Protein chains: 2
Amino acid sequence: MTRRALPNDGLLTRMKAVGLRLTGQRKIVAELLETADEHLDAESVYKRAKARDGTVHRATVYRTLNRLKKLGLVDELDLMHVSGERHYYEIRPSTLHIHLVCTSCKRVDEPSEAFWDDLKRRVESENGFRPEVVRIEMAGVCAACQRTRSRRS
Amino acid sequence: MTRRALPNDGLLTRMKAVGLRLTGQRKIVAELLETADEHLDAESVYKRAKARDGTVHRATVYRTLNRLKKLGLVDELDLMHVSGERHYYEIRPSTLHIHLVCTSCKRVDEPSEAFWDDLKRRVESENGFRPEVVRIEMAGVCAACQRTRSRRS
DNA sequence: CTAACTGCAAACCTTTTGCATTGAC
DNA sequence: GTCAATGCAAAAGGTTTGCAGTTAG
């Protein structure tokens, strides 16, 4: 469930840019999403936010996440339900999400986006489809777990 | 929301193969999934099943779908929540799901799997990741809607 | 015959909503 | 000052579960 940190250019700034009021609660949620060391579901965001400011209400967190999602600043992922039915929220770094979810250690890796160009060209020419948001999720076995397994056998 | 029909080699047979009891209710659910003209969420499966046999209970449908999901015979998709928060169930044709979801007409297209080979080779060599189940979802504008839009403007 | 499965109803968990109050701009 | 956002509590979904009765193998 751990994830690599992603470079990010100010969610708060973008929130302000689209006209959202920067309340204390929203600042907390935004910072949590920006600095998260793993993918967070709504409940986790709520718990962490509440730990910082006891008055933050669950409904506010849900409303904020929905707001951000509708504005396209954040995306909702399910990571193929590899570890439960929860939905996770992630700042939209671009319009592309690529996740490699290890079914063994539950680690989530986000590989380079290099191969995306090929794929895009292909979908556009072969299917006439113009992709806007793309999600690629693969469940499988990561390099580390493959080594562990072969060592064991 | 419409989808192309996919060739399929007997969900019931595979259910039997893994040792599931073929009850009347499960036969109905299996046939619904096999012949569905669109992606079905749990509630839709339930409603359709109930229409065929009034005694089918919602809990049974949920249990069956979960069972099939855990056995890997069926996959759960959210189609990027383009048309709601529902989760859809689809027979696993292989281990690969590619969906192009049109944000305009909500149509879901399933393109050829040709480009998957490149992607797979890449993830394996560059990330050392061995993919087992793959889901590629793209939200965007389909060819037809692009034409409609340009005609309008 | 027996373990697996079902129907039923209640519980559970997550998310949303109406309303009065608060606070950002 | 005004309108958006919040807290609260209640409702609304959607899904799961314990139990007693039924049925496929």
Side-chain angles (χ1 to χ4, degrees), chain A residues 11-32 39-71 73-79 81 83-89, chain B residues 11-32 39-71 73-79 81 83-89:
Chain A
L11 178 54
L12 272 180
T13 311
R14 279 181 285 162
M15 284 167 69
K16 185 152 201 167
V18 295
L20 284 186
R21 290 196 180 171
L22 300 189
T23 65
Q25 296 87 334
R26 284 180 177 171
K27 285 178 190 163
I28 293 175
V29 169
E31 201 200 323
L32 286 172
H39 288 97
L40 302 177
D41 66 341
E43 190 65 18
S44 308
V45 174
Y46 166 62
K47 281 202 210 106
R48 293 184 180 203
K50 180 139 191 159
R52 293 206 192 176
D53 173 354
T55 74
V56 175
H57 198 273
R58 187 180 271 106
T60 304
V61 170
Y62 277 98
R63 277 190 280 231
T64 301
L65 291 174
N66 270 338
R67 211 80 209 299
L68 295 176
K69 188 171 64 164
K70 276 176 191 151
L71 288 166
L73 300 180
V74 152
D75 281 319
E76 187 184 358
L77 312 166
D78 63 20
L79 298 179
H81 300 112
S83 37
E85 296 302 306
R86 279 176 294 258
H87 289 176
Y88 303 91
Y89 293 86
Chain B
L11 177 55
L12 272 179
T13 310
R14 281 180 285 160
M15 286 167 68
K16 184 151 202 167
V18 295
L20 284 185
R21 288 197 179 172
L22 301 188
T23 65
Q25 296 87 334
R26 286 181 175 171
K27 285 179 189 163
I28 293 175
V29 169
E31 201 199 324
L32 286 173
H39 288 98
L40 302 177
D41 66 342
E43 189 65 20
S44 308
V45 174
Y46 166 61
K47 280 202 211 107
R48 293 185 180 201
K50 180 137 190 160
R52 293 207 193 175
D53 173 354
T55 74
V56 175
H57 198 272
R58 187 180 270 107
T60 303
V61 171
Y62 277 98
R63 278 189 279 232
T64 301
L65 292 175
N66 271 338
R67 210 78 209 297
L68 295 176
K69 187 170 63 164
K70 277 176 191 149
L71 289 166
L73 299 180
V74 152
D75 282 317
E76 187 183 358
L77 313 165
D78 62 21
L79 299 179
H81 300 113
S83 37
E85 296 303 304
R86 278 177 294 258
H87 289 177
Y88 303 91
Y89 293 87

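Lettering of chains follows the sequences in order, A, B, ..., and the numbering in each one begins at 1. None of the values given here were measured: they were computed from a predicted structure.
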Return all side-chain donor-acceptor pairs below 3.5 angstrom for residues 63-71 of chain A, not counting sequence neighbours, or 'none' if the list is empty.
{"from": "A:Thr64", "atom 1": "OG1", "to": "A:Thr60", "atom 2": "O", "distance (Å)": "2.8"}
{"from": "A:Lys69", "atom 1": "NZ", "to": "A:Glu76", "atom 2": "OE1", "distance (Å)": "2.6"}
{"from": "A:Lys69", "atom 1": "NZ", "to": "B:Glu85", "atom 2": "OE2", "distance (Å)": "3.4"}

How about B:Tyr89 and B:Val74: do any of their side-chain heavy atoms sit closer than 4.5 Å? yes
If we fit an axis to the first five pairs and another to the last five of the helix from C:dC1-D:dG25 to C:dC25-D:dG1, what angle do they make, to the nearest 10°? 50°
Just verifying a value: how many Å separate A:Met15 CE and A:Arg21 CZ, rounded to the nearest 0.5 Å? 13.0 Å
Could you go through B:His87 and A:His87, starting from their C-alpha distance and side-chain angles, then the distance that decides it, and tell me whether this counts as ring pair (Phe, Tyr, Trp, His ring centres under 6.0 Å)? CA-CA 12 Å; B:His87 289 177; A:His87 289 176; 5.0 Å; yes
Look at the side chain of A:Arg52 and the backbone N and O of A:Ile28, then say whether any donor-acceptor pair between them is shorter than 3.5 Å.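 A pair under 3.5 Å: no.
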Holding to salt bridge (Lys or Arg N to Asp or Glu O under 4.0 Å), I want the full list of residues that pass it with B:Arg58, two or more places apart in sequence or in another chain.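 If we apply the salt bridge (Lys or Arg N to Asp or Glu O under 4.0 Å) test to B:Arg58, skipping adjacent residues, the hits are B:Glu43.
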Return a single string for nucleotides 3-12 of chain C, one symbol per nucleotide in 5' to 3' order, where B is base contact, S is sugar-phosphate-only contact and - is none, cutoff 4.0 angstrom on heavy atoms. BBSSBB----
Can you list everything that forms a side-chain contact (heavy atoms from CB on, under 4.5 Å) with A:Lys27? Sequence neighbours excluded, please. A:Leu12, A:Leu22
Which heavy atom in A:Leu32 sits nearest to a heavy atom in A:Val45, and how many Å separate them?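 So the minimum-distance heavy-atom pair works out to CD1-O, 3.7 Å.
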At their closest point, which heavy atom of A:Ala42 faces which heavy atom of A:Val61, and how far apart are they? O-CG1, 4.0 Å
First contact, last contact: which nucleotides of DNA chain D are these for chain A, 5' to 3', heavy-atom distance under 4.0 Å?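 Answer, 5' to 3': D:dC3 to D:dC8.
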